[in-house]
Amino acid sequence: MNALLFNSTLVIYAVVTAVYLIYLLKPKESLGKTGLWLALVGFLVHCGFTLNRFLEAGHTPITNLHESLSFFSLSVVGIFLLLERRYKISILGSFMMPLALLIMAISASFSTVIPPLNPALKSKWLAVHTIMAFLGYAAFAISFGVSIMYLIQSHFLKTRRLGSMFQKLPSLDILDDISYRCLTFGFPLLTFAIISGAIWAETAWGTYWSWDPKETWSLITWFIYAALLHGRLTTGWRGRKAAMLSIFGFVIMLFTFLGVNLLLPGLHSYK
Amino acid sequence: MTTTNKRGFAQEVWDFFCSLKLSIFLLIGLALVSIIGTVIQQGPQREYLATLSETKIRLYSALGFFDMYHSWWFILLLYLLTLNLICCSIKRLPRVWKVVSEPVLVMDDGFEKSLANVKDLKLKGSKEELKSRMEAFLRAEFAVPVITEKDGEYHLFAQKSPWCRLGVYVVHLSIIVIFVGALIGSFFGYKAYTNIPEGGAISQVQTQSGKMIPLGFDVRCEKFSVSFYDTGAPKEFRSVLTVLENGQPVPGFQNRPIIVNDPLTYKGITFYQSSYGQSDEGALYHLTVRDRKGGAPVKLNARQGERVALPGGAFLSVMEATMDVRPFMRGFDGPGAQVEFTPAGGNPQPFVILSDKYESFNAQHGGDLLITFDGMDQKFYTGLQVAHDPGVWVVWFGCFLMVLGICMAFFMSHKRVWARVTDSGVTLGGSASKNPAGFEICFDDLVEKIGKA
């Protein structure tokens, strides 16, 4: 059941990605609609997978890389669907769904066995901490995708190549707005994840902060996004500069999530 | 002349610490230097140091890279950031406070032009009628308005959640509070580690720097147990602790089980389950030996590796044993031991014996003797992390402030609506501190409702 739901999600996301990529090349509005509906179906199946896994494991299914990557992808798709509902920009899917598919594909490469729960993870904070962290990560991922769209669009404007892709991409202002709004959700969520992690660490490891690589890197991510928000709020780091810093922030965030688990030994390396 | 120069210099210093460029520089700077400590091992072990060259070791220790997050320059950066955000807040707070406490009550022409949302409405009725109509409308649909009469016109002003503008400063304050809490912890607290064997008690603990700290009471480990999943992965570590004052158990702190994620706190000192090991005393194994030809069973005790004489001139030593063979032998459970049996005048034979539940299994070896393994008394010690941190509640208060401030700063918006009432109609103006697109929808909604009202 578990494998069936997971593989179905993977297949649907692959189809959605294909539809959205064709949409990128061929100006056909119906393709965008089809992609959206398929993405919604994929999202529901993915939710089903997550729920099923929760019931089978008996705890929040975000305890190893297979599960957390899957939840990361689920969050990206969820936020994409919300944004699509609000802004009605089909081309968003051409950038977000390949990302969601890629994350799912990486997730598939890790063992799908449900391992018994490590004693340190037996806590009510597991759910709060991980869900906040991954929703935050997903918001940053979307901001990253939109920032790339921003750079492409601004490149088109500069070189005066006003082709069909230019027509489909929303205006720079809207892209900047979406990217910023994602940050205003991602940053609070990251903050809450760090705080809930500190409370958990106090009960599990005896200290709310121990400069564990994961803690340090999440603080690094927090510093970068704090700098970006301050730059935007007051000295007018909008547009290209903000887009570039958002992409940089996402790279740092990816390292906080994956790099730390895979490369740096520490208290968080649950593989 | 000199005084102006001095003031000029003081002003420059003040401006430097108030500047947002400094904040951004410090934030990015802290982010970049923090990476060092995750790449270079902190509090390095000898094996790690052996991989580094002499020059590197000298350089790293001179720069404080081996304890980077406590090095003077890292702490200095944190102090600078704190100073910077205090100065920024002092500089900007009065202006924001004025917006919150002294709202603009009258929308004159100049102010109207500065607003993003303005709408002229032609409405029938006298000035007085329109005033009371608008007052009732704003009260019902938005917020209670303040009415000002100026130059023969009525001005209504209503606002929602003005205090959310202070959210940023609540977040800044929270960072200072957390910082103060961390400082209290580092000056007046300690982190230590202790091992207590089962049945043993301790009255002092050793800190990371090697200092012995008396607890002022005793802690006794009554029992330690570890359980495993079928896969052999650890499932739970559990210590049962008793706190003793003057040798007497303290009520409520007797036989308290502690597990990972559920520590014990007494008099501000917290004990966390951290590790465990086998006590030096070693385990005592229990065996039963019976002659197959009949006779009463003989109970024997053995320590690890000890050669025990059996009836009939044979010898037996227990090499290793477990109370649960499931992780090692499929289809079996209960205690089991790896033994070496030396028959009288024969060569040593290694084999496994289990409990009396598996008599036919045990009957495969032992010559004339039937040997069963009854179990063992194994003594563990529990490894406890001990922490005393009087600043932790200050840190939690800071975290609470941060959550509160962030919710105010990111998820709430100060919304303001003005209405200028004249005999010819009403001019409605509005602005919001955040999410202009969202407020526009809300403003258009209000305008539409006035038309219907």
Side-chain angles (χ1 to χ4, degrees), chain A residues 86 115-125 174 177 181 183-185 187-188 191-192 194-196 198-200 202-217 219-231 233-235 237 245 252 255 259-260 263-266, chain B residues 20-21 23-32 34-35 37-39 41-42 68-70 92 168 171 178 181-182 185 191 228-231 233-237 259-263 270-274 384-387 389 392 395-396 399-400 402-403 406-407 409-411 434-437:
Chain A
R86 172 109 163 64
L117 199 55
N118 182 315
L121 293 179
K122 279 183 198 156
S123 165
K124 53 185 182 301
W125 290 103
I174 290 183
D177 182 49
R181 282 184 67 84
L183 293 186
T184 63
F185 278 93
F187 187 73
T191 312
F192 299 160
I194 293 176
I195 290 178
S196 60
I199 298 173
W200 187 3
E202 175 72 23
T203 59
W205 302 328
T207 164
Y208 55 86
W209 195 264
S210 49
W211 295 104
D212 165 67
K214 193 74 153 193
E215 291 174 348
T216 309
W217 275 93
L219 188 68
I220 291 169
T221 315
W222 193 86
F223 280 142
I224 298 286
Y225 282 110
L228 174 54
L229 286 172
H230 280 84
L233 277 173
T234 26
T235 53
W237 275 12
L245 207 58
I252 297 283
F255 191 82
V260 172
L263 301 176
L264 301 174
Chain B
L20 226 110
K21 276 201 186 116
S23 321
I24 292 167
F25 171 79
L26 286 172
L27 285 169
I28 293 184
L30 276 166
L32 293 180
S34 293
I35 296 175
T38 66
V39 181
Q41 199 180 76
Q42 301 292 289
M68 217 216 70
Y69 305 108
H70 301 100
R92 293 175 175 82
V168 181
V171 176
I178 291 173
K191 285 189 190 86
F228 297 93
Y229 290 108
D230 287 346
T231 58
K235 185 177 181 184
E236 187 183 81
F237 310 110
I259 56 174
V260 180
N261 275 320
D262 189 12
T270 309
F271 298 84
Y272 301 85
Q273 184 65 58
S274 171
L384 302 174
Q385 173 114 7
V386 185
D389 186 351
V392 75
V395 172
W396 292 155
C399 288
F400 166 76
M402 186 177 276
V403 172
I406 282 200
C407 286
F410 284 94
F411 302 137
K434 275 185 291 279
N435 190 11

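Reminder, nothing fancy here: chain letters follow the sequence lines and each chain counts from 1.
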Q: Shortest non-hydrogen contact from A/Ser123 to B/Asn261?
A: CB-ND2, 3.5 Å

Q: Could you grab the distance from atom OG1 of B/Thr38 to atom CG of A/Leu263, nearest 0.5 Å is fine?
A: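 Nearest 0.5 Å value for the OG1-CG distance: 10.5 Å.
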
Q: Can you name the closest pair of heavy atoms from A/Tyr208 and B/Val392 and give their distance?
A: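 Closest approach of A/Tyr208 to B/Val392, heavy atoms only: CD2-CG2, 3.8 Å.
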
Q: Could you check which of B/Ser23, B/Ala182, B/Ala387, B/Cys399 has the highest count of heavy-atom pairs closer than 4.5 Å to chain A?
A: B/Cys399

Q: Less than 4.5 Å to any heavy atom of chain B: does that hold for the side chain of A/Leu117, its backbone, both, or neither?
A: both

Q: Please step through side-chain contact (heavy atoms from CB on, under 4.5 Å) for the pair B/Trp396 and A/Ile199, ending with a clear verdict.
A: CA-CA 8 Å; B/Trp396 292 155; A/Ile199 298 173; 3.8 Å; yes

Q: In terms of heavy-atom proximity below 4.5 Å to chain A, should B/Ile35 be classed as side chain, backbone, both, or neither?
A: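 The answer is both parts of B/Ile35.
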
Q: Count the heavy-atom pairs under 4.5 Å between each of B/Lys191, B/Glu236, B/Gln41 and chain A, then report the option with the highest count.
A: B/Lys191

Q: Below 4.5 Å from any heavy atom of chain A, which atoms of B/Ala409 appear? Answer side chain, backbone, both or neither.
A: neither

Q: Heavy-atom pairs under 4.5 Å with chain B are the metric here; pick the option from A/Leu228, A/Thr207, A/Ile252, A/Ile224 that has the most.
A: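 The candidate making the most pairs under 4.5 Å is A/Thr207.
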
Q: Counting only non-hydrogen atoms closer than 4.5 Å, does B/Leu30 touch chain A with its backbone (N, CA, C, O), its side chain (CB onward), both, or neither?
A: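 Both parts, heavy atoms under 4.5 Å.
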
Q: Output the option from B/Phe25, B/Phe237, B/Phe411, B/Tyr229 having the highest count of non-hydrogen pairs under 4.5 Å with chain A.
A: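 Looking at each option in turn, the highest pair count goes to B/Tyr229.
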
Q: Please look at B/Ser34 and chain A and tell me whether the side chain, the backbone, both or neither of the residue comes under 4.5 angstrom of a heavy atom of that chain.
A: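 Both parts, backbone and side chain.
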
Q: NZ of A/Lys122 to NZ of B/Lys235: how many Å apart, nearest 0.5 Å?
A: 6.0 Å

Q: Quick one: does any side-chain atom of B/Tyr69 pair with a main-chain N or O of A/Ser210 as donor and acceptor, under 3.5 Å?
A: no

Q: Work out which heavy atom in B/Met402 is nearest to a heavy atom in A/Thr191; give both atom names and the distance.
A: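 Looking at all heavy atoms of both residues, the shortest contact is SD-CG2, 3.4 Å.
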
Q: Which heavy atom of A/Ile220 sits nearest to which heavy atom of B/Ala31, and what is that distance?
A: CG1-O, 3.5 Å

Q: Give, as side chain, backbone, both or neither, the part of B/Val395 having an atom under 4.5 angstrom from any heavy atom of chain A.
A: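 Only the side chain of B/Val395 comes within 4.5 Å of chain A.
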
Q: Can you confirm whether more than 12 heavy atoms, excluding those of B/Phe400, are under 6.0 Å from its CZ atom?
A: no

Q: Heavy-atom cut-off 4.5 Å, strictly under: side chain, backbone, both or neither for A/Ile194 against chain B?
A: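 A/Ile194 has no heavy atom closer than 4.5 Å to chain B.
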
Q: Do you know which two heavy atoms are closest between A/Thr203 and B/Tyr272, and how far apart they sit?
A: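 Looks like O-CD2, 3.5 Å.
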
Q: Name all residues meeting the ring-ring contact (aromatic ring centres under 6.0 Å, His included) criterion together with A/Phe187; count only those two or more places apart in sequence or in a different chain, and write none if there are none.
A: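 A/Phe187 satisfies ring-ring contact (aromatic ring centres under 6.0 Å, His included) with A/Trp222, B/Phe410 once adjacent residues are dropped.
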
Q: Show the nearest heavy-atom pair for residues A/Ala227 and B/Ile24, with the distance to one decimal.
A: O-CG1, 4.0 Å

